[in-house]
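What follows is a short report on a single structure.
Just so it is clear, the structure is predicted and the values come from calculations on it, not from any experiment. No hydrogens, no waters, no symmetry mates; every other heavy atom, side chains included, goes into these values.
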Amino acid sequence: MGTFTIFLILIVVVAFLLVVVIMVQNPKGGGLSSSFGGGGTQQLGGVKKTTDFLDKSTWTLATVLLVLILVSNITIGGGNATADSKALDTDAQTTQPLPDAVPDTQPLPTGSDNSGTTDTNP
């Protein structure tokens, strides 16, 4: 398994965790933080500490995701050298052969006068 594959798996896992942490939060004060201390009691660390934990974990996961993406981009370049672009290959044929020319031998339509003159003599 290559380094890029390892980074790809880590990126997917961190992105999934980030989605879960964001979905647990409720912007109007509800969510997980309201269920742990809704009546003003201090259960399981209280509302403030739960909100702080979710906020810090969101920022941490977002930072880790950004770093993983940047580092994985560096590992792509150090990989296989045979995956170069064909557009940069100077030895490749640059012109395409033209198809055989077909002569324009279509007959003119009959039954209509295309000369643009009208005969006024009877």
Side-chain angles (χ1 to χ4, degrees):
M1 194 159 39
T3 1
F4 180 71
T5 308
I6 294 171
F7 278 116
L8 188 62
I9 292 170
L10 287 174
I11 288 170
V12 169
V13 168
V14 170
F16 177 74
L17 290 174
L18 185 61
V19 167
V20 168
V21 168
I22 290 173
M23 293 299 288
V24 166
Q25 298 177 14
N26 189 357
K28 299 201 186 305
L32 184 65
S33 60
S34 68
S35 65
F36 284 144
T41 60
Q42 296 290 325
Q43 297 175 353
L44 295 174
V47 177
K48 181 68 175 159
K49 293 192 186 283
T50 305
T51 306
D52 287 344
F53 171 74
L54 291 175
D55 188 42
K56 287 179 183 179
S57 61
T58 302
W59 282 105
T60 303
L61 286 171
T63 305
V64 168
L65 182 65
L66 183 66
V67 168
L68 283 173
I69 290 170
L70 291 175
V71 172
S72 70
N73 192 17
I74 294 170
T75 62
I76 291 174
N80 197 357
T82 61
D84 290 338
S85 173
K86 297 291 182 191
L88 299 176
D89 191 11
T90 57
D91 296 334
Q93 183 180 3
T94 57
T95 59
Q96 301 260 340
L98 295 175
D100 293 335
V102 178
D104 189 20
T105 59
Q106 295 178 353
L108 292 175
T110 59
S112 65
D113 187 16
N114 291 336
S115 64
T117 60
T118 56
D119 190 15
T120 57
N121 292 337

Grab the two heavy atoms, one from Ser72 and one from Ile11, that are nearest each other, plus how far apart they are.
-> OG-CD1, 3.8 Å

Shortest non-hydrogen contact from Gln25 to Leu54?
-> NE2-O, 3.1 Å

State the [atom1]-[atom2] distance between [X] and [Y], to the nearest 0.5 angstrom.
{"X": "Ile9", "Y": "Phe4", "atom1": "CD1", "atom2": "CZ", "result": "10.5 Å"}
{"X": "Asn73", "Y": "Ile69", "atom1": "CG", "atom2": "CD1", "result": "9.5 Å"}
{"X": "Leu68", "Y": "Thr63", "atom1": "CG", "atom2": "OG1", "result": "11.0 Å"}
{"X": "Leu17", "Y": "Ile22", "atom1": "CG", "atom2": "CD1", "result": "11.0 Å"}
{"X": "Leu65", "Y": "Leu10", "atom1": "CG", "atom2": "CG", "result": "10.5 Å"}

Could you see if [X] belongs to whatever hydrophobic cluster contains [Y]? Use Ile, Leu, Val, Met, Phe, Trp, Tyr and a side-chain cutoff under 4.5 Å.
{"X": "Phe7", "Y": "Val67", "answer": "yes"}
{"X": "Val14", "Y": "Trp59", "answer": "no"}
{"X": "Leu66", "Y": "Leu8", "answer": "no"}
{"X": "Ile76", "Y": "Val12", "answer": "no"}

Run through Val20, Val19, Val21 and flag the one making a side chain to side chain contact (heavy atoms under 4.5 Å, CB included) with Met23.
-> Val19

Ser57 side chain reached by Thr60 side chain, heavy atoms, under 4.5 Å | no

